[in-house]
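This is a predicted model, so every value here is computed, not measured. Residue numbers run from 1 in the order of the sequence given.
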Amino acid sequence: MKFKANSIRTLDRFLKCCGGRNKITLGVKLDNISSERLVEIGLGGTPEEGLSILPRVIGKSTSFNANGKEILRPDLPKEQYSVSYTSTTYDWHRNPHYGMRTRTAMRIAREHIHAPAIMLSIAKTKSGTYITSPVLNLTEDNSTLNIHVINLMLECFDEIEILDTTKEPLITTKFKKVLWTVLPKGKYPWDEISKLISSNTQSTSASDSDKEVIEARLKLINVYKPDFIATGHAGFNGYFIFGFEDKNIYVLESIFLDNATYIFKKDWEILSQLTKAEIINGNLEYERIVHNKVWKRAIGDRLSKAIRN
């Protein structure tokens with residue numbers, strides 16, 4: 001059964017198409033999707049069976065899926081907030097001085113709604129190869145998540161199929177999450193890293209000033225000579241991890257991330273398979289260094305101490 005819509009707000013029309021099934025999977029035949037569209041959402045031109053990715057941001061649903069969202073909470077006390085930006089100032093002799101500055105002020109409190117981080121996968125059935133969603137349990141308790149998954153698929157593909165995987169189960173049983181692209185180990189000149197950062201943030205909604213700020217932060221972290229650098233793939237665009245493997249320390253930095261830098265102590269093979277919500281909200285040990293006026297000194301002190309020990 002096929003289902004087509006721009007988006008949905010309720011499940012009424014969709015459930016009528018499900019024929020009373022309790023569990024379904026959404027899918028689109030891989031052969032029906034252009035290579036340009038596959039690249040746009042982060043699957044690449046010729047995706048392999050078993051590939052799982054967080055779709056790249058192309059609209060409202062994919063943005064929420066990858067980054068979550070904030071809602072204003074005027075009922076709560078105002079909160080302190082720091083924002084970094086680049087600007088030019090002039091001294092008494094009218095000489096320009098360009099650099100990064102941080103302004104701190106009070107604002108209406110925000111509540112962060114965590115990203116659902118729904119992955120899309122390449123899977124085979126008897127009928128062909130599909131791009132599939134996770135299994136949807138069509139219960140009242142799951143309505144909000146189900147609406148999100150349906151809208152996510154519709155935003156990516158316009159028209160979707162309702163697959164009854166109880167009658168025709170997926171042949172593919174092993175899936176590989178691709179969330180990060182790790183640079184081959186070695187020392188890279190900053191010019192080369194800077195180009196990589198630019199290409200990774202190009203498709204994000206960040207302003208030019210935000211991109212300059214993230215580059216300045218990453219340049220400072222890179223001074224401490226990490227063992228590797230990983231850049232976010234597809235829906236992780238705009239996220240970077242600097243790995244100090246000998247010290248078991250991993251620094252997560254982003255244009256979007258909660259106005260802070262996170263430092264983790266965790267095995268990279270485990271960390272690399274977690275979504276952003278799992279990394280931040282799980283039981284991982286971490287330090288959170290806020291992007292405020294003392295960020296540069298705080299991150300420097302923390303990394304210097306780690307390298308010495």
Exercise. Judged by atom type as modelled, is there a donor-acceptor pair below 3.5 Å linking the side chain of Glu155 to the main-chain atoms of Thr62?
Worked result: yes

Problem set entry | Sidechain-backbone polar pair: Glu40 side chain, Ile58 backbone, donor-acceptor under 3.5 Å | no

Exercise. Under a 4.5 Å cut-off applied to non-hydrogen side-chain atoms, are Met119 and Phe175 in contact?
Worked result: no

Exercise. Would you find a donor on one side and an acceptor on the other, under 3.5 Å apart, between the side chain of Arg110 and the backbone of Ile108?
Worked result: yes

For this session: For the pair Asp227 (side chain) and Glu245 (backbone), establish whether a donor and an acceptor sit closer than 3.5 Å, ignoring hydrogens and angles.
Result: yes

Exercise. Would you find a donor on one side and an acceptor on the other, under 3.5 Å apart, between the side chain of Thr261 and the backbone of Glu253?
Worked result: no

Problem set entry | Distance, nearest 0.5 Å, that separates CG of Leu271 from CZ of Phe264 | 6.5 Å

Problem set entry | CG/Asn95: more than 12 non-hydrogen atoms of other groups inside 6.0 Å | yes

Exercise. Taking atom types as modelled and ignoring hydrogens, do the side chains of Arg21 and Thr166 form a donor-acceptor contact shorter than 3.5 angstrom?
Worked result: no

For this session: Could you verify whether a donor N or O on one side chain and an acceptor N or O on the other, from Thr129 and Glu49, lie under 3.5 Å apart?
Result: no

Exercise. In a check of side chain to side chain contact (heavy atoms under 4.5 Å, CB included) between Cys18 and each of Leu136, Ile162, Leu11, which one passes?
Worked result: Ile162

For this session: Using a 4.5 Å cut-off on heavy atoms from C-beta on, say whether the side chain of Trp268 contacts that of Ile241.
Result: yes

Exercise. Is the backbone N or O of Thr139 less than 3.5 Å from a side-chain atom of Asn22, with the two atoms forming a donor-acceptor pair by type?
Worked result: no

For this session: Could you tell me whether the side chain of Ser143 and the main chain of Glu140 form a donor-acceptor pair under 3.5 Å?
Result: yes

Exercise. Can you check whether Cys156's main-chain N or O pairs, donor with acceptor, with Arg37's side chain at less than 3.5 Å?
Worked result: yes

Exercise. Tell me the ring pair (Phe, Tyr, Trp, His ring centres under 6.0 Å) pairs involving residues 152-173, sequence neighbours left out?
Worked result: none

Exercise. For Lys124, does the NZ atom have more than 12 heavy-atom neighbours from other residues, nucleotides or ligands under 6.0 Å away?
Worked result: no

Problem set entry | Sidechain N-carboxylate O distance under 4.0 Å for Lys195, Glu192 | no

Exercise. What is the ring orientation for Tyr250 with Phe228, classed by angle as parallel under 30°, tilted 30 to 60°, or perpendicular over 60°?
Worked result: tilted

Problem set entry | Main-chain N/O of Ser82 paired to Asn292 side chain as donor or acceptor, under 3.5 Å | no

For this session: Report yes if some heavy atom in the side chain of Leu120 is under 4.5 Å from a heavy atom in the side chain of Leu43; otherwise report no.
Result: no

For this session: Give a yes or no on whether the backbone of Lys29 and the side-chain of Glu161 come within a donor-acceptor separation of less than 3.5 Å.
Result: no

For this session: For Lys296, look at atom NZ and say whether over 12 heavy atoms of other residues, nucleotides or ligands are found less than 6.0 Å away.
Result: no

